[in-house]
Amino acid sequence: MTQTNCHGLAMSILLMLAGPAAIGAALGLSGGPSALITRALVFPTIIVGVAALMLPALYIGAAFLGVAPKAQAVARSARAALGDMGIVFLGLAAPLVFLVAASTELGTVRVLGHLIVGVGVALGLRALFIRLFDRRSPRAIGLFAGWSLVSVGIGAQLFARTIPL
Amino acid sequence: MTEISTETTVKPPSVRPAPTPSVSAVDLIGPQRQEPIESTENPNVASTHLPSERATMGALAVIDQLLRDRRGLLDRIESENDLVGIARAMILTIIVSAAVFGASLGLHCGGIQVVYALIKLPLVILLTAALATPALSALRSVVEGHTQVRRDIALVLSSLALGSLVIAALAPIIMLAVGWDVDYHTLILLTVGCCAVGGLVGLSLFISGTRETALSSRVLILSVALLVVGLVGAQMTWTMRPYLVRPQHVEIGNVPFLRSLEGSFLDSVNTSSKSAMGIYAPDEAPLLAPLPELQADEPEVRQ
């Protein structure tokens with residue numbers, strides 16, 4: 001692996017983790033330092049964990065439907081899409097911190113948290129789909145839509161249990 | 001038959017101003033070189049004016065272009081032509097224009113409130129831009145596939161500057177309303193109307209600035225950007241209140257620079273929504289007057 005590739009890989013991993021960590025920390029602001037650190041660690045773990053769990057299923061399903069790219073391309077696309085999600089989360093972290101810090105009601109923090117996480121996840125999924133499937137066939141769209149629903153469902157359950165808002 | 005020479009044909013005059021020469025090696029800190037700053041109006045001006053005067057004339061030229069040749073300004077931003085100069089001019093425009101509008105709002109209360117509102121309104125706009133621009137830049141980077149942070153900053157500042165110029169132009173309406181002793185709530189609505197007009201004009205420039213993007217991506221970027229700016233701007237405005245000052249506070253003489261943080265804007269919307277549905281928090285429930293028949297049945301306890 002060349003130096004440039006190593007640098008690119010390191011940057012992708014950094015973005016993949018830093019963005020969700022920033023959002024997790026923002027959501028833990030109202031709970032004190034321990035909640036801040038805990039959520040900053042938990043949220044990236046959920047994102048990466050769900051991706052690692054679900055990507056093989058996506059590849060297998062795409063292979064069966066005849067729309068799968070090469071396995072290496074899937075891994076590269078996933079890494080780039082998670083990096084894109086991290087960039088979005090990093091950009092949204094400052095507004096979220098401001099809005100959470102100004103709020104005194106947990107209900108508002110809950111709505112904001114779900115909204116920001118939803119936007120970031122949606123954009124990450126969009127980035128993954130664009131990278132994976134050059135031809136937007138109905139089979140690819142249907143497969144990806146179903147896979148996204150299950151992945152988001154699992155991620156949302158983990159999020160609700162580990163980051164109660 | 002005489003032939004008409006094409007050389008005598010009168011060519012229509014060019015209606016677009018001459019493009020500003022590009023400045024190489026743009027430095028975010030600012031130009032450190034001794035070369036004169038080139039003006040769009042007169043290339044010979046630079047040799048006879050002080051650097052501060054040249055900077056002012058450069059800023060005025062940018063503001064003039066913002067008002068009269070927005071397409072040309074957007075082209076400059078797209079080609080990254082003197083983005084630092086554009087950003088400086090726009091920040092200056094926001095500060096001055098928003099201060100004028102803020103001062104007109106402060107006239108309702110008068111006194112120190114004129115100064116308070118004059119300071120707070122530019123802060124609201126600039127702090128909102130500072131928080132929202134990274135989100136916008138991240139969004140465009142992910143959706144469009146390339147990062148151009150300085151271009152995004154210039155576009156956001158230009159949009160806000162244009163909106164600020166519009167509200168500054170509408171400030172006399174507020175002054176007129178204050179002079180006519182228009183009541184507080186009507187003044188609030190007038191203020192919201194003026195800011196809505198300014199906001200829409202600024203938004204139109206922002207939308208034009210994304211014209212190079214594909215339509216679906218553009219809709220996505222604009223939707224998320226509006227959501228972020230809307231939430232952050234609303235909260236920033238809420239945090240920095242008051243601007244007009246409620247009449248009862250004016251009577252008491254209690255004019256704070258900032259009101260205490262009584263929850264966020266969204267908290268207030270949430271509470272009001274629940275109240276509208278009859279759901280009250282115990283300490284916010286409306287007080288009921290005692291029923292007359294209960295008062296008549298009360299035993300005498302005082303002797």
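Each chain gets a letter, A, B and so on, in the order the sequences are listed, and its residues count up from 1.
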Can you name the nearest heavy-atom pair linking B/Val142 to A/Val88, along with the distance? CG2-CG2, 3.6 Å
A/Ile116 versus chain B, the contacting section by heavy-atom distance below 4.5 Å: neither
Part of A/Leu90 within contact of chain B (heavy atom distance under 4.5 Å): neither
Of the backbone (N, CA, C, O) and the side chain (C-beta and beyond), which part of B/Leu220 lies under 4.5 Å from a heavy atom of chain A, both, or neither? side chain
Using side-chain heavy atoms (C-beta onward) and a distance below 4.5 Å, is A/Phe98 in contact with B/Leu127? no
Which heavy atom of B/Val228 sits nearest a heavy atom of A/Pro95, and at what distance? CG1-CG, 4.0 Å
Are more than 12 heavy atoms from other residues, nucleotides or ligands located less than 6.0 Å from atom CD of A/Gln72? no
Quick check on A/Arg161: does its CZ atom have over 12 non-hydrogen neighbours (other residues, nucleotides or ligands) under 6.0 Å away? no
Please classify the contact between A/Val119 and chain B as side chain, backbone, both or neither, with a heavy-atom cut-off of under 4.5 Å. side chain
Atom CD of B/Gln235 and atom OG1 of A/Thr108: how far apart are they, to the nearest 0.5 Å? 9.5 Å
To check you understand the geometry: which heavy-atom pair defines the closest contact between A/Ile87 and B/Ala138, and what is its length? O-CB, 3.3 Å
Quick one: pull up CG in A/Leu92 and CG in B/Leu131 and give me the separation to the nearest 0.5 Å. 11.5 Å
Between B/Val232 and chain A, which part of the residue has a heavy atom less than 4.5 Å away: side chain, backbone, both or neither? both
Separation of A/Arg126 CZ from B/Ser217 OG (nearest 0.5 Å): 4.5 Å
Min side-chain heavy-atom separation B/Val143-A/Asp84 under 4.5 Å: no
So what's closer than 4.5 Å to chain B heavy atoms on A/Leu115: side chain, backbone, both or neither? side chain
